[in-house]
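What follows is a short report on a single structure.
Throughout, protein chains are lettered first and strands after them, A, B, ... in sequence-line order, and every chain is numbered starting at 1. The structure presented is a predicted model; accordingly, all values stated were derived computationally and were not measured.
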Amino acid sequence: MKIDPMIIYLILLALMVITALMAVIARTLLKAAIALAVASAILTIIMFKLNSPLAAVFELSVCAGLITVLFVSVISLTNRMTHAEIMELTKTRLKRYLFLIVIVIAGIFFAMFGMPAHINAPIVPSENSIKFILWNVRMTDLLAQIIILLTGVFGVVVLLKEVLSKNDE
Amino acid sequence: MMSDFSGFFGFFNIFIILLFAIGFYCLIVTKNLIRVLIGLEVLTKAVTLLIILAGYVTGKTATAQTLVITLIVVEVVVMAVGAGLIISVFNKNNSLDVRNLRNLKG
């Protein structure tokens, strides 16, 4: 028995949307971070199936691994919300989630009618390998990546230095 | 063959827009600073999927993958700096509520 690939895509995409939704509406932040990691892992499977293995490996190691570790460390460095704050948020929860239904219906409406249904893009097999494109065609991107990484490193160093000096006082 | 692919694109589009709506909702409604980062992350996932899908449909997966690699690097830096900002804000205000950040409001 051969399973239709569209059904596999449908299941994977539905699972990804459900886990992303869980990440947004989960009560505790830790559960939200873990749901986000699961969504990232499912995105990796979809990317593998769409012929993009290298980007999929990046997604799995960085988004599902590194960013989850980052979130968990931020959650552990900050305090939980107080009971009063949680009760206040619980009271207005229904009102806030009503908004979600409106946005999702608007999104589906947009997907059905706002987007071009037929795109006649030519299906050309790519002649160049990803190595060639990454190192020769998109070299400016690599330079920009180095600059952005250095900016991030200096930003984190400055921010954490402020925090540490404040703690010393 | 061509119509197969356009149908395929439209089929993915619905889920991508759903993901985008979820991330946008999180950004609009949330009161917690860490959840703002989670919403940004969901938005970036939708964009990643859209770029990979466009590469697959047009047959230029190599270009799409290089773009996605750049996107992931930028995403990680944004998340790291955002996390540092959240920690410094928490140490200053002792709270993660965005409503407490209105000190500059006139």
Side-chain angles (χ1 to χ4, degrees), chain A residues 13 17 20-21 23-24 29 32 36 39-40 43 46-47 50-52 54-55 58-59 62-63 66-67 70-71 74-75 77-78 89 96 99-100 103-104 107-108 110-111 115 117-121 123-126 128-130 133-134 138 141 145 148-149 151-152 155-156 159-160 162-163 166, chain B residues 2-3 5-6 9-15 17-22 24-26 28-29 31-32 34-35 37-39 41-42 45 48-49 52-53 55-66 68-70 72-77 79-81 83-88 90-91 96-97:
Chain A
L13 286 168
V17 169
L21 199 63
V24 171
L29 283 169
L36 202 64
S40 215
L43 178 61
I46 297 173
M47 280 158 82
L50 291 178
N51 288 337
S52 306
L54 195 69
F58 251 79
E59 173 79 24
V62 175
C63 293
L66 181 67
I67 289 184
L70 205 72
F71 271 128
V74 171
I75 291 165
L77 280 173
T78 51
L89 285 180
R96 287 185 296 140
F99 203 157
L100 180 63
I103 284 188
V104 166
I108 292 173
F110 215 66
M115 287 293 215
H118 298 283
I119 290 175
N120 296 322
I123 301 151
V124 195
S126 75
N128 297 321
S129 68
I130 181 166
I133 291 187
L134 188 61
R138 316 283 310 179
D141 281 12
Q145 281 183 34
I148 288 170
L149 275 174
T151 316
V156 170
L159 283 169
L160 290 185
E162 271 179 19
V163 171
K166 190 159 285 181
Chain B
M2 208 64 86
S3 64
F5 267 93
S6 59
F9 196 72
F11 167 74
F12 265 72
N13 252 335
I14 295 175
F15 286 95
I17 290 180
L18 270 178
L19 270 180
F20 211 83
I22 291 169
F24 207 66
Y25 163 80
C26 187
I28 292 173
V29 165
K31 301 277 191 291
N32 191 321
I34 297 177
R35 279 192 198 274
L37 274 193
I38 289 176
E41 181 79 19
V42 173
K45 284 198 196 317
T48 310
L49 186 55
I52 288 290
L53 181 69
Y56 181 71
V57 171
T58 55
K60 292 174 180 163
T61 48
T63 316
Q65 285 186 72
T66 50
V68 165
I69 289 170
T70 312
I72 289 172
V73 170
V74 175
E75 182 187 349
V76 169
V77 172
M79 289 299 144
V81 175
L85 273 173
I86 287 175
I87 291 173
S88 63
F90 179 77
N91 277 314
L96 283 176
D97 200 325

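For B:M79 against B:L37, the heavy-atom pair with the smallest separation is CE-O, 3.7 Å. A pairwise comparison of heavy atoms in A:A20 and A:A39 identifies N-CB, 4.3 Å as the closest pair.
Counting heavy-atom pairs closer than 4.5 Å to chain B, the top-ranked of the candidates A:A32, A:A23, A:G155, A:C63 is A:C63. For chain A, the option among B:I14, B:V68, B:I38 with the highest count of heavy-atom pairs below 4.5 Å is B:I38. Comparing A:I75, A:L66, A:I148 by how many heavy-atom pairs each has under 4.5 Å with chain B, the most go to A:I148. Of the listed residues (B:V29, B:L53, B:V74), the greatest number of heavy-atom pairs within a distance under 4.5 Å of chain A belongs to B:V29. For the set B:I72, B:V76, B:V81, the count of heavy-atom pairs under 4.5 angstrom toward chain A peaks at B:I72.
Only the side chain of A:L43 comes within less than 4.5 Å of a heavy atom in chain B; its backbone stays farther off. For A:L21, the parts lying near chain B are the backbone and the side chain together; criterion is any non-hydrogen pair under 4.5 Å. Residue A:L54 touches chain B through both its backbone and its side chain, counting heavy-atom pairs closer than 4.5 Å. Contacts between A:L149 and chain B at a heavy-atom distance below 4.5 Å involve backbone atoms as well as side-chain atoms. For a residue to count as touching a neighbouring chain, one of its non-hydrogen atoms must lie under 4.5 Å from one of that chain's; by this rule A:L13 touches chain B with backbone and side chain alike. At a 4.5 Å heavy-atom cutoff, the contact between A:V62 and chain B is made by side-chain atoms alone.
Note on ring orientation: taking the six-membered ring where Trp is involved, the planes of B:F20 and B:F24 are parallel (angle under 30°, cut-offs 30° and 60°).
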Decide yes or no on side chain to side chain contact (heavy atoms under 4.5 Å, CB included) for B:V57 and B:F12, but give the supporting numbers first.
CA-CA 11 Å; B:V57 171; B:F12 265 72; over 6 Å; no

Evaluation steps, side chain to side chain donor-acceptor pair (under 3.5 Å), between A:E59 and A:S40
CA-CA 7 Å; A:E59 173 79 24; A:S40 215; 2.9 Å; yes

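At distances below 3.5 Å, at least one donor-acceptor pair connects side-chain atoms of B:R35 with backbone N or O atoms of A:V24.
By the side chain to side chain contact (heavy atoms under 4.5 Å, CB included) test, A:V74 is found to be paired with B:I34, B:A83, B:I86, B:I87, residues two or more places apart in sequence or in another chain being considered.
Distance check, rounded to the nearest 0.5 Å: CD1 of B:I22 to NZ of B:K45 gives 13.0 Å.
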